[in-house]
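Convention: sequence-line order gives letters A, B, ...; per-chain numbering from 1.
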There are 2 protein chains.
Amino acid sequence: MYKVNDKEYKCSVALTSDIFNDKWKLSIIWHLLSEEKRFKELHEIMSDITQKTLTVKLKELEAKNIINREVYPQVPPKVVYSLTPAGARLKGVFKEMYNWGISYASEHGEVTSEDNDVCCDTYIANKIGINK
Amino acid sequence: MYKVNDKEYKCSVALTSDIFNDKWKLSIIWHLLSEEKRFKELHEIMSDITQKTLTVKLKELEAKNIINREVYPQVPPKVVYSLTPAGARLKGVFKEMYNWGISYASEHGEVTSEDNDVCCDTYIANKIGINK
DNA sequence: CCGCATCCTCATCGATACTG
DNA sequence: CAGTATCGATGAGGATGCGG
């Protein structure tokens with residue numbers, strides 16, 4: 001049994017999956033793996049999340065010590081989000097997810113385009129060195 | 001871009017996280033990693049899931065070719081669930097999640113008991129060889 | 001034993017508008 | 001630019017009962 005922030009978990013996988021059972025958190029972390037980003041940058045990349053929801057999710061991740069929030073006291077405001085060491089360690093999980101997804105798609109799906117979007121996939125995978 | 005079962009994904013991580021963004025699926029797969037199980041066994045281990053929800057989740061996983069469903073035509077009925085090759089390949093992801101959870105708990109949480117419950121953690125980790 | 005059918009609750013997320 | 005506030009929609013999951 002583990003206790004983190006007043007929440008109890010039966011095992012370490014349950015603890016980890018608490019971060020993963022979420023529509024947005026994984027995506028936010030994924031985009032921060034390559035480099036820190038401003039609020040606006042994140043919002044532009046994740047075009048289908050609302051500003052409010054993004055704010056909420058960033059707060060939750062900050063509370064769990066997965067990301068850092070740094071405020072520059074200037075006008076207009078500038079707030080930069082980056083991964084903590086704990087957040088950065090999630091790279092190993094993403095690497096496995098990345099490779100599993102590729103093998104699964106080759107079995108059960110089809111590749112509809114080989115994009116190199118700044119949003120995802122090969123672009124980020126290359127950047128953070130999990131490609132292969 | 002990947003297309004699997006009429007659903008489009010921008011990247012392989014998004015594809016994988018489609019399985020993970022769920023309150024129960026990860027837990028079901030985790031319990032099937034060590035060995036196949038009957039419906040009732042799963043229900044007993046995952047004591048806080050309702051029968052209906054378990055049924056729904058098993059169907060979803062079956063539709064995605066993550067698990068097999070084998071019906072023994074007998075009375076009373078016997079239905080056994082097991083992982084497909086694709087499901088079994090998720091072990092690598094779990095291994096990373098397992099280790100991340102442990103390191104995270106050692107930083108930000110506390111170990112409240114060293115259980116060896118059949119439910120989780122060290123018990124299953126040992127069984128499927130992802131311990132350490 | 002296993003699963004389906006209803007009905008219902010409630011957290012999560014979206015739309016929109018407004019502030020320092 | 002980076003939030004907050006309010007209200008409303010929606011859909012996953014829970015409770016219960018029935019059936020092969």
Colleague: Reckon Y81(A) touches a base, only the sugar-phosphate, or nothing at all at heavy-atom distances under 4.0 Å?
Modeller: sugar-phosphate

Colleague: Kindly say whether D22(A) contributes a backbone atom to a donor-acceptor pair with the side chain of N21(B) at under 3.5 angstrom?
Modeller: yes

Colleague: In whole angstrom, give the distance that lies between atom CZ of R69(B) and atom P of dC1(C).
Modeller: 16 Å

Colleague: Output the rounded distance in Å from CG (L54(B)) to C1' (dG3(C)).
Modeller: 10 Å

Colleague: Whole Å only: how far is the CD1 atom of I19(B) from the C1' atom of dA12(D)?
Modeller: 18 Å

Colleague: Would you mind building the protein contact string for nucleotides 12-19 of chain C? One character per nucleotide, 5' to 3', B for base within reach (heavy atoms under 4.0 Å), S for sugar-phosphate only, - for untouched.
Modeller: -BBB----

Colleague: When the distance from CZ of F39(B) to P of dC2(C) is rounded to whole Å, what number comes out?
Modeller: 7 Å

Colleague: Nearest whole Å is fine: how far is dG3(C) P from L61(B) CG?
Modeller: 13 Å

Colleague: What is the distance, to the nearest angstrom, from the NZ atom on K59(B) to the P atom on dG13(D)?
Modeller: 16 Å

Colleague: Considering just the side-chain nitrogens and oxygens of R38(B), establish if one lies under 4.0 Å of OP1 or OP2 belonging to dC1(C).
Modeller: no

Colleague: Take atom CE of M46(B) and atom P of dG13(D), then tell me their distance rounded to the nearest Å.
Modeller: 11 Å

Colleague: Among K25(A), M97(A), K23(A), which one satisfies side-chain contact (heavy atoms from CB on, under 4.5 Å) with S17(B)?
Modeller: M97(A)

Colleague: Show which side-chain atoms of residues 62-77 of chain B pair as donor or acceptor with protein atoms under 3.5 Å away, not counting sequence neighbours.
Modeller:
from	atom 1	to	atom 2	distance (Å)
K64(B)	NZ	D18(B)	OD2	3.2
R69(B)	NE	Y81(B)	OH	3.2

Colleague: Using a 4.5 Å cut-off on heavy atoms from C-beta on, say whether the side chain of F20(B) contacts that of L90(B).
Modeller: yes

Colleague: With the threshold set at 4.0 Å, does a side-chain nitrogen-carboxylate oxygen contact exist between E96(B) and R89(A)?
Modeller: no

Colleague: Does A86(A) offer a backbone N or O that forms a donor-acceptor pair with the side chain of W100(B) under 3.5 Å?
Modeller: yes

Colleague: Hey, does the side chain of K40(A) come within less than 4.0 Å of dC1(D)'s phosphate (OP1/OP2), counting only N and O?
Modeller: yes

Colleague: Send over the distance from L58(A) CG to dT4(D) P, rounded to a whole Å.
Modeller: 11 Å

Colleague: Would you say H43(B)'s side chain and I49(B)'s backbone share a donor-acceptor pair under 3.5 angstrom?
Modeller: yes

